[in-house]
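Step one of this worksheet: look at the structure below.
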Amino acid sequence: MSLLEQLNKVQQEAVKQTEGPSMIIAGAGSGKTRVLTYKIAYLIEKGVDPFQIMALTFTNKAAREMKARIETIVGSTEARNVWMGTFHSIFARILRMEAEKLGFPSNFTIYDTDDSKSIIKKILKEQQLDVKLYKPNQVLSRISSAKNNLISHINYNNNPELTQTDKESGKGKIGLIYTIYQERLRKASAMDFDDLLFNTNVLLRDFPDVLIKYQRRFRYFLVDEYQDTNYSQYLIVKRLAAQTENLTVVGDDAQSIYAFRGANIQNILNMNKDYPDLKTFKLEQNYRSTQNIVGVANAIIKNNKKQINKTIWTENDKGDKLRLISTLSDNEEGIRVARTIFAIKNEEHVKDSDFAVLYRTNAQSRAIEEGLRKMNIPYKIYGGTSFYGRKEIKDLLAYFRLVVNTDDDEALLRVINYPKRGIGNTTIEKLRVEANKLNISLWKLIESIESSKIVPKSTAVRIMEFVNMILSFKIDLKTKNAYELADHITKNSGIYRHLTNSKTEDEGVMRFENMEELLAGIKEFSEMESDEEGASSIRTLDEFMLDIALFTDADDKNKDISDSVTLMTIHASKGLEFPYVFIVGLEENLFPSLLSLNSRTELEEERRLFYVALTRGEKKVFLSYSESRYKWGKLQFSEPSRFLNELDPKFIDDQTSDMLLSSETNMNIKGPKKKLESSSSVKIINKPKAKSKEIPLPIKAKNLKKMDEIKSQNQISSNDQSNSIMVGMEVFHDRFGRGKVLTIEGEGQNRKASVFFNNSGTKILILRFAKLRILKQ
DNA sequence: GTATTATCTAAGTCT
DNA sequence: TAGATAATAC
């Protein structure tokens, strides 16, 4: 079978081991995804019904990619029937089908972290607890880890160990908060992320018939990134697979980086205890990276004590040594990264999308972004405030949520007075107190607000208008398609008018466009054919809302298409690969994080994180650190990361800037080291001074000053002809030779031309750097 | 009830 | 620095 021929020996054996429990320990870049997809394809070709296969991945993106790959092997009709997705999305789907058994409606809302946090804050207020002591994030993570270990609020309060710990830290009320929190979720017909897994366990534990149903339905289970599963996920898999034990888990203990979220590495280490006849396969050959990269990564991970013994090796080229970039400030770090990318692009003729910049924290993206913008290099950021995290998007989605599930208190509170309709804080507070007293959702209270005497009559009228509006939307839920209804809601709720009015300023324009983008997305969804069996012919808004809370930025399909540099956290980069990788911010207290230095386990997780980052690289890896960095608006000095000391010098090229620049750009950025150092050190010292000078200036003058700064920094070479180049001219480029200008874009610094060169095809050039000579006007 | 201003405090990673 | 919340004026 040709399928197997594309795999190495161990990979083949892993694929052919279809029956019974098996574990694949897959080193970084060893073709893990390949094995997983081929195994699924192999099962299907062997005659297994795709409906009987469940494949669990870590991200939606991974699921989508895997599905696409399987499609190319077995065809789309077969591939589409495999149940493939994240734990959260797959089990949300099952929970919706079985919801009433647990006392939930099938259209329950999934609360995201913001919703959860806002509930916690309200509870703290009601209970008059100190927000500084009970930090919402901490409370939430305590609750979350309880849930991930399947400790219900009842068990929590009955667990002396847990309650004792809370008391000792002065937070004895966490158990109570947990209880109230769960009540609120229940009242709102909502589940948070952890509940999706927790309640799946409850379902499979308390309803044997349901368990049997799914055990019969699914005969083959495959779990990707098994090292990052938590107890809750582990138990779901164990329960479902108990019947056939046709379970394949794939993972790499060296890449376990989600312990903070409850991931338990024991799940992988103890596999053979749960399954005595477990077959284990080790994939140790790396197909991704150069020998140098593999060598560095191996040396780094050796510093960790706990790990499964394995040796990653590669037949790939030796490759270049890893390069170290050292800068004086975070801004300079951004510029240096950008310049290096620019130089490599020119030198090696590679795409923007061949580059990734990886960092430990999202906050680091800004300096990098600035650098890239200055060099006109397109980039896309994954994570951070995602599209769905934007205020205007959340507001609009809140309307949709409320229409789907009127008990969704968080959604209601978001929109009851947005846009303003005269229902202010005092009223809302009254309603909340009353609803809590009656133990009902806000909607149930306001539905019959007229007959109660909670608020003055004029306010009650306004509330009724709101209620009727939502009800009028709800009528159309099953008759209109998602887009028609979404559009209708947007226009009739006042949101459309509100955003149109705010369009006068730059930020307003963006919000308006975001709204349009969301609607466009819903339109696309409405026109898509449903792949559910027996689904009705129209795709409705409640279908669209099903797992919208589970979508993240990384799932944005549009991002995959554009040719641009990728910026993301190392966590988000897991499973991905790029020819050129920059790992930035390698400084003590940043990477490893200050918060990880208390324990060996946490430090080892940071080191695994570094390992993951290194092993993303295919051809070249750059490591950068800065001697100072802005944190909380203040300049902080930093020392190089301890991880840099762990690097084996024989893999490292420690000549910083000069080596990085190609001859071509070198001409433009002549003597960069000296210039940069002096200019940036001046910048650091001057920063506070400049600031105090700036304060009295009116805003406009301040902006002008900033523009000047940017301009002067960007004045790398004053190329005289660059502005006189026009479409149609014949030009000469030092490297590409003779060419013809096809189009011109941008102004001044940003002026770009696409030029067709006789020898090397069409190139987009930034005129400021390209040094084109005009041959013929 | 709403708009504007002042003050506080937070940034660790994600479904 | 920036977003969230509290305080203040209208």
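Because the structure is a prediction, the values reported are computed rather than measured.
- With centroids closer than 5.5 Å and planes inclined by less than 30 degrees as the test, A/Phe87 and the base of B/dT15 fail to qualify as a stacked pair.
- Separation of the A/Phe260 and A/His571 ring centroids falls under the 6.0 Å cut-off.
- For the pair A/Thr569 and B/dG12, the criterion of a side-chain N or O lying under 4.0 Å from OP1 or OP2 is not met.
- Heavy-atom neighbours of A/Arg239 CZ from other residues, nucleotides or ligands within 6.0 Å: above the threshold of 12.
- Residue A/Lys132 is in sugar-phosphate contact alone, with no base atom involved, counting any heavy-atom pair closer than 4.0 Å across all strands shown.
- Remark: aromatic rings of A/Tyr258 and A/Phe58 are close, center separation under 6.0 Å.
- Under 4.0 angstrom from either OP1 or OP2 of B/dA10 there lies no side-chain N or O belonging to A/Lys631.
- Counting to the nearest Å, the C1' atom of B/dT13 and the CG atom of A/Leu594 are 14 Å from each other.
- Listed pair A/Asn137 / B/dA10 fails the phosphate criterion, with no side-chain N or O lying under 4.0 Å from OP1 or OP2.
- Between B/dA10, B/dA11, B/dG12, one nucleotide has an atom nearer to the side chain of A/Ala363 than all others, and that is B/dA11.
- Listed nucleotides: B/dT13, B/dG12, B/dT15. Nearest to the side chain of A/Glu606: B/dG12.
- Contact annotation for A/Arg366: backbone-only contact, meaning every heavy-atom pair under 4.0 Å involves sugar-phosphate atoms and none involves a base.
- B/dC14 atom C1' lies 9 Å from atom CZ of A/Phe193, rounded to whole Å.
- Taking the side chain of A/Lys420 as heavy atoms from C-beta on, and the options B/dT13, B/dA3, B/dT15, the nearest nucleotide is B/dA3.
- Within 6.0 Å of NZ on A/Lys125 lie no more than 12 heavy atoms contributed by other residues, nucleotides or ligands.
- Checking B/dT13, C/dT5, B/dA10 against every side-chain atom of A/Lys121, the shortest atom distance belongs to C/dT5.
- Where A/Arg421 and A/Ser593 each meet DNA chain B at their nearest nucleotide, the meeting point lying more 5' is that of A/Arg421.
- If you check every strand for non-hydrogen atoms under 4.0 Å, A/Asn362 touches sugar and phosphate atoms only.
- A/Glu225 places its CD atom 14 Å from the P atom of B/dC14, with the value rounded to the nearest Å.
- Within the 4.0 angstrom heavy-atom criterion, base atoms lie near A/Thr113.
- Stacking of A/Arg96 on the aromatic ring of A/Phe108 is recorded, both the 6.0 Å distance cut-off and the 45° axial limit being met.
- Residue order along DNA chain B, read from the 5' end via each residue's closest nucleotide, puts A/Leu595 first among A/Leu595 and A/Thr86.
- Here A/Asp194 lies out of heavy-atom contact (under 4.0 Å) with every strand.
- Residue contacts for A/Lys634: at a heavy-atom cut-off of 4.0 Å it reaches no nucleic acid atom on any strand shown.
- A/Leu56 places its CG atom 16 Å from the P atom of B/dT15, with the value rounded to the nearest Å.
- Using a 4.0 Å heavy-atom distance criterion, A/Gln233 is classed as making no nucleic acid contact.
- Within the nucleic acid shown, A/Lys117 has no heavy atom closer than 4.0 Å to any nucleic acid atom.
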